[in-house]
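The basis for the numbers below is simple: all heavy atoms, side chains too, and nothing from hydrogens, waters or symmetry mates. First the proteins, then the strands, lettered A, B, ... as listed; each starts at 1.
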Number of protein chains: 2
Amino acid sequence: MDKKRSISIKEIAKLANVSVATVSRVINNNGRFSEETRKKVQDIIDKYGYTTNMAAKSLRMSKSKTVGLIVPNIDNEWFSHLVLEIEKYFFEKNYSVFICNTSQDEQKEIAYFKSLDSKLVDGIMCISGIEEIPTDVITRNIPIVCIDRKPKDHNNVYYVESNHYSGGYLATEELIKKGCKKIAIVSRNKTLSVNKQRLEGYRQALKDYGLTEYKELQILLDPSSANYEGSREAMNQLIKSKIPFDGVFATNDWRAYGVMVALSENHINVPHDVKVIGFDDISISHSCHPSLSTIRQDTVGLAQKASSLLLNLMNDKEIQMEERRFILPVEVIQRDSTQKDPE
Amino acid sequence: MDKKRSISIKEIAKLANVSVATVSRVINNNGRFSEETRKKVQDIIDKYGYTTNMAAKSLRMSKSKTVGLIVPNIDNEWFSHLVLEIEKYFFEKNYSVFICNTSQDEQKEIAYFKSLDSKLVDGIMCISGIEEIPTDVITRNIPIVCIDRKPKDHNNVYYVESNHYSGGYLATEELIKKGCKKIAIVSRNKTLSVNKQRLEGYRQALKDYGLTEYKELQILLDPSSANYEGSREAMNQLIKSKIPFDGVFATNDWRAYGVMVALSENHINVPHDVKVIGFDDISISHSCHPSLSTIRQDTVGLAQKASSLLLNLMNDKEIQMEERRFILPVEVIQRDSTQKDPE
DNA sequence: TTGAAAGCGCTAACAT
DNA sequence: ATGTTAGCGCTTTCAA
């Protein structure tokens, strides 16, 4: 590779016989230059392939055209979808995104916040995770937007989320409408508000339809085993215990899939004997057999709403008070796993 | 949030009654200061919560402690695993990673290279994608490491990959050993070297075992339909066509899963009537039913090898010529989909 | 319409 | 062991 050194504004200025100020104006199209000089400068830029040194620009302007994105696990289809949409949005607006994978590690999250701060990001987006955002390590006054994460109150923190309560309600209602009377829930046992809200929706639906709430049908898995394997095992346990049930609401699709596999292993037919519904509508839900009914979150909507909010905040747009918080609706996706038996 | 303005070295110097040079030395632990001044300076740093302004540092040093990561689709478990490992590696070394999702769009890739260049990244990692790397838009002399992407020759470009040829061979051999005679392949029709190599391995295995190569059993899907849906449809086509076959090698797990679903829809039993093997060992392969045999790539090995190589290059370590290219072995994971019938 | 010059925060060469 | 100073590449104020 030929060592084509990058050219600076100063050098362009010399080559074009103008001052650096003029070159800067041309580059940023800030007016106050003649068409003639514009052309002269532009020719040299094209010829030498000038690219802005963003470090210098950032230093000077205290803006970096960069945002930080905190995500628990990119290695999770639901999160990676979201990340993809956010990244796409900001790419179009000429921003770069630092994707920071915390693996749910609080120390790592704090370290990332420090790093983002020191790299002068113009704003931060947080997906999911705990309430506490380590705002105290941020030394600058930058906006923070959360998705599916209800932050403790701070001036500069905003949030956008799906209506998880409604999702829990709708999921349960779907099972009820298809004839289930004894509905189990398989969720993750943590104070993560998202799961709590889904559980609340489930309970309210039971109440509204006059069904009994069986505590022994509320399976709250440890964070470490709240995955496919864990819920498959838990479901096997439940089946062994002989406690009767005819419907399962799993609070994400992988857990739901674990449930379905466990049922299948025990020769319990879905949807005939037991109906199942999941949450998130990731690819496993429509590709498994029988296909899995689920609650679809508006991924694109969430990503766009959150991104545009952050962008506006970074550009000091006035944000109405009622825009500090957004809750997007979710919808039931009916598939085979909640199909009603023919009468 | 209180507007805690970030403090600069200059201010620290004033507060500690020392020069900026001394403060800088303390911060970077560059020696030539007394324990006494170290303490004095450190106290102020702790008290005011100083954080380095990385834009300034980058500008001064022409190094940013940042790497760019080009990836086709983060929204793909195999890639996201890889990204996760790479990110983890660099986080530990105090580097930040710009994850750039190209969606296989060449223009986007070029735009990203420009942006990374202008943000002074110290190195670039490319996952998969086409041979051509737009090195010409890079104005600085930074190293580039590729994973699963055989780049056109350049001085500063290195690569690490799995042995895809061997993978194709082993997959086919596994089917042959379990008794298959007429083996179909479902792959992606593109000049992507990865798929080409897997196909070559398949052909060589057939040859070595004296099996006929049926052109009509080589299903090369369009890039746009080389996914779960596409291969499910293609397999349905093949079944309808009545061309006999007793084994299928699908060049990734989602395609393999599509094949299995199509077979199941046509009441063809796996592994009794037809055996199936995939590639990548993503979660669907061990959680589907019957579980899917597959070829496992050494994700962690790939990520670490590539990352440490890039790190060494960024720090101007001498790299031996034979280290410019790495090929990691793959292994067969035997599961139910290639189980032999009891005699 | 253009230029001169200051300064963003930092490092490092050189001086002491 | 410590200080002085130049300069990385850029924007912007002020002056012309």
Salt bridge (charged side-chain N to carboxylate O under 4.0 Å, His left out) partners of residues 44-57 of chain B, not counting sequence neighbours, each pair once: none
Show me the pairs that pass salt bridge (charged side-chain N to carboxylate O under 4.0 Å, His left out) and involve residues 80-92 of chain A, at least two apart or across chains. A:Glu85-A:Lys88, A:Glu87-B:Lys108
Give me the stems containing DNA chain C, sorted by first residue, counting only three or more consecutive Watson-Crick or G-U pairs with both distances under 3.5 Å; say none if there aren't any.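 Stem list for DNA chain C: C:1-16 with D:1-16.
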Among all residues two or more places apart in sequence or in another chain, which pass the ring-ring contact (aromatic ring centres under 6.0 Å, His included) test with [X]?
| X | value |
| --- | --- |
| A:Phe79 | none |
| A:Tyr159 | none |
| B:Phe33 | none |

Could you state the atom-to-atom distance from [atom1] of [X] to [atom2] of [N] in whole Å?
| X | N | atom1 | atom2 | result |
| --- | --- | --- | --- | --- |
| B:Lys10 | C:dA6 | NZ | P | 13 Å |
| A:Lys63 | D:dT12 | NZ | C1' | 17 Å |
| A:Leu59 | C:dG9 | CG | P | 7 Å |
| A:Lys119 | C:dG9 | NZ | P | 18 Å |
| B:Asn53 | D:dC10 | CG | P | 16 Å |
| A:Lys57 | C:dG9 | NZ | P | 18 Å |
| B:Arg140 | D:dC8 | CZ | C1' | 14 Å |
| B:Ile12 | C:dG9 | CD1 | C1' | 11 Å |

Under the salt bridge (charged side-chain N to carboxylate O under 4.0 Å, His left out) test, residues paired with A:Asp43 that sit two or more places apart: A:Lys39
With A:Glu132, which residues qualify under salt bridge (charged side-chain N to carboxylate O under 4.0 Å, His left out), at least two apart?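 A:Glu132: salt bridge (charged side-chain N to carboxylate O under 4.0 Å, His left out) contacts with A:Lys152.
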Within residues 14-24 of chain A: residues closer than 4.0 Å to DNA chain D (heavy atoms): A:Ala21, A:Ser24
Would you be so kind as to tabulate the donor-acceptor pairs closer than 3.5 Å made by side chains of residues 300-316 of chain A, with sequence neighbours excluded?
residue, atom, partner, partner atom, Å
A:Ser307, OG, A:Ala303, O, 2.6
A:Ser308, OG, A:Gln304, O, 3.1
A:Ser308, OG, A:Lys305, O, 3.2
A:Asn312, ND2, A:Ser308, O, 3.4
A:Asn315, ND2, A:Leu311, O, 3.3

Nearest to the side chain of A:Arg25 - D:dT2, C:dA12, D:dC14?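 In terms of side-chain proximity for A:Arg25, the closest of D:dT2, C:dA12, D:dC14 is D:dC14.
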Using a distance-only test with no angle check, is there a side-chain donor-acceptor pair under 3.5 angstrom linking B:Lys114 and A:Thr51?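 No, A:Thr51 and B:Lys114 have no side-chain donor paired with an acceptor closer than 3.5 Å.
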For DNA chain C, determine which residues of residues 26-47 of chain B have any heavy atom closer than 4.0 angstrom to one of its atoms, and list them numerically. B:Asn28
So B:Ile9, base contact, sugar-phosphate only, or nothing? Heavy-atom distance under 4.0 Å.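 Sugar-phosphate: the residue B:Ile9, judged by heavy atoms under 4.0 Å, touches backbone atoms but no base.
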Among pairs that include at least one residue of residues 142-151 of chain A, which meet side chain to side chain donor-acceptor pair (under 3.5 Å), considering only residues two or more places apart or in two chains? A:Glu109-A:Arg149, A:Asp148-A:His164
Do the rings of B:Phe91 and A:Tyr112 sit parallel, tilted or perpendicular, given the 30° and 60° boundaries?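 The arrangement is tilted - the two ring planes meet at 30° to 60°.
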